[in-house]
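Below is one structure, written out as structure tokens; comments come after it.
Below, chain A is the first sequence line, B the second, and so on; all start at residue 1.
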Number of protein chains: 2
Amino acid sequence: MLEKLRIYENLDEKKFLSTLQSNTIFYKNNQTIAYSLGDRNVIGIIEEGSANLVRFDYNGERTIVEELYSGDIFSDMFYSSTNSELLVIATSDCKVTFVSYDELINKAQTSINALSFLDNLISLITDKLVKRNERIELLTTRTIRNKLLAYFELQTKKINSKSFDLEYTYTDLADYLAIDRSAMMRELKHLKEDGFINDINRKITLLY
Amino acid sequence: MLEKLRIYENLDEKKFLSTLQSNTIFYKNNQTIAYSLGDRNVIGIIEEGSANLVRFDYNGERTIVEELYSGDIFSDMFYSSTNSELLVIATSDCKVTFVSYDELINKAQTSINALSFLDNLISLITDKLVKRNERIELLTTRTIRNKLLAYFELQTKKINSKSFDLEYTYTDLADYLAIDRSAMMRELKHLKEDGFINDINRKITLLY
DNA sequence: GTAAAATTGTTGCAAATGCAACAGTTTTTT
DNA sequence: AAAAAACTGTTGCATTTGCAACAATTTTAC
């Protein structure tokens, strides 16, 4: 039995979805999830599986903007339309439900389920905002060393321990911190040499 | 007569605020706006005036995280509590109203005003998210030249014109892009020399 | 309207960073 | 089980960037 998704907390999911004109679609791995159906204000919910929100630069280069897992939501509402083209691409077979935000607001007047959904929606959006604020805090430090240390400190603070397992590959971490991978590896070596950290296969320990 | 703030759109502000235990406080310029009153989930609304959300690093250095103007909202909900200390400091005499998010959700079941407020709240939060996404897009480009061009392109796309007036001082722009100011000035000169841009006191024009 | 503070514009220099390239390892695919 | 792909680890080198410092200009405060 699957755990209840955060977006459906405190509400009767079946009843709620039946009152809206929601639609649920299954996608195969690597398929593009077409969610920008002309009209804005549609919210996609990853019910099962995972997907990536990716951006294609003018020169065709691909960047992962956000990794989406079961329970995550995505929407055009969160991205400026002036930016480069964004696509959501399944990274595994997945099940996605779409609901209309406008309809949701209408229904919230009469449906306690819709109101709870709205509450959960705010919680998920503020979570995204928190994550973005964290990332900006990392990106605005000026040196690779500081970026790494800030990232490591953030992780250790989150789990309240001096050690943690890297959730990214080094390649992806370099991407997340927007730095050159080889330069990052070099700095990582310096941090070890200078006794700031320990790194035993993917487990980072802060030594200060 | 003041224009209606976005957060109060489609609702009777007076009636709405009277149903909640909201409180409105006046602050003098440079005063600290204490909003983190132990309990989380309080939303502050800048009714009049302006303020800065600032962070103090471990070494005491001050960074402006967000500039708040009339109509903007702020809340602990949007920031990870593991981060450094955040303060809201008035940058002019201002009037701030605080409402409890939890109370708001409760009231939304019965009050159409509260529901509209919730709708507006989502709109303002997603706006913040859009802005953060934009900033991250700029911060993840690798060179000063690309940061500047990306910023300039974003501005021109927004107003659909090749020219625009800088909304920041150069000092602040360097801060926003997280680059050294003097290095930015140097690169700006190169961009002019190479015919990419024109800069006639604060008015930037893209020449491509 | 004058003084003080902030911003702009510039430069030399040292340090940090990105780039390119490649070998070794691990993971994924077929 | 073999082949392909992705990731890790490393280095030399050129370039970019940050830092420090200062004069000139503009803005703000009293």
Carboxylate-amine/guanidinium proximity below 4.0 Å for B:Lys107 and B:Asp102: no
Nearest-angstrom distance from the residue atom CZ of A:Arg142 to P of D:dT16: 19 Å
Could you tell me how far apart A:Arg145 (CZ) and D:dT17 (C1') are, to the nearest whole angstrom? 18 Å
Taking the side chain as C-beta and beyond, is there a heavy-atom pair between B:Thr205 and B:Ile197 under 4.5 Å? no
Name all residues meeting the salt bridge (charged side-chain N to carboxylate O under 4.0 Å, His left out) criterion together with A:Glu13; count only those two or more places apart in sequence or in a different chain, and write none if there are none. none
Atom CG of A:Leu166 to atom C1' of D:dT8: distance rounded to whole Å? 13 Å
Relative orientation of the end axes in the helix from C:dG1-D:dC30 to C:dT30-D:dA1, expressed as an angle to the nearest 10° (five pairs per end): 80°
Starting at CZ of A:Arg202 and ending at P of C:dT25, how long is that distance when rounded to a whole Å? 15 Å
Atom pairs, protein N/O to nucleotides 23-28 of chain D N/O, distance under 3.5 Å:
none

In whole Å, I'd like the distance from the OH atom of A:Tyr170 to the P atom of C:dT27. 14 Å
Indicate yes or no: at least one non-hydrogen side-chain atom of A:Asn198 is less than 4.5 angstrom from one of A:Leu207. yes
Could you state the atom-to-atom distance from NE2 of A:His190 to P of D:dG9 in whole Å? 15 Å
Which ones in residues 178-188 of chain B lie close to DNA chain C, meaning a heavy atom under 4.0 Å from one of its atoms? B:Arg181, B:Ser182, B:Met185, B:Arg186
Starting at atom CG of A:Leu177, determine the distance to atom C1' of C:dA16, rounded to an integer number of angstrom. 16 Å
Enumerate the residue pairs fulfilling side-chain hydrogen bond (donor to acceptor under 3.5 Å, both in side chains) with a member in residues 14-24 of chain B, sequence neighbours excluded, ordered by first and then second residue. B:Thr24-B:Thr97
Return the nearest nucleotide to the side chain of B:Ile144; candidates are D:dT11, D:dT8, D:dG18. D:dG18
Under 30°, 30 to 60°, or over 60°: which ring-plane class applies to B:Phe117 and B:Tyr8, parallel, tilted or perpendicular? tilted
SB check A:Asp93 A:Lys28 (cutoff 4.0 Å): yes
Regarding the side chain of B:Thr171, the nearest nucleotide among C:dT7, D:dT17, D:dG9 is C:dT7
If the threshold is 4.0 Å, N to carboxylate O, is there a salt bridge linking B:Glu187 and B:Lys192? no
Listed by chain and number, what are the side chain to side chain contact (heavy atoms under 4.5 Å, CB included) partners of B:Asn10, not counting sequence neighbours? B:Ser116
Taking the six-membered ring of A:Tyr208, is NZ or CZ of A:Lys162 closer than 6.0 Å to its centre and within 45° of its axis? yes
Rounded to the Å, how far apart are B:Asn30 CG and C:dA5 P? 15 Å
Would you indicate whether the side-chain heavy atoms of A:Ile25 and A:Tyr27 approach each other to under 4.5 Å? yes
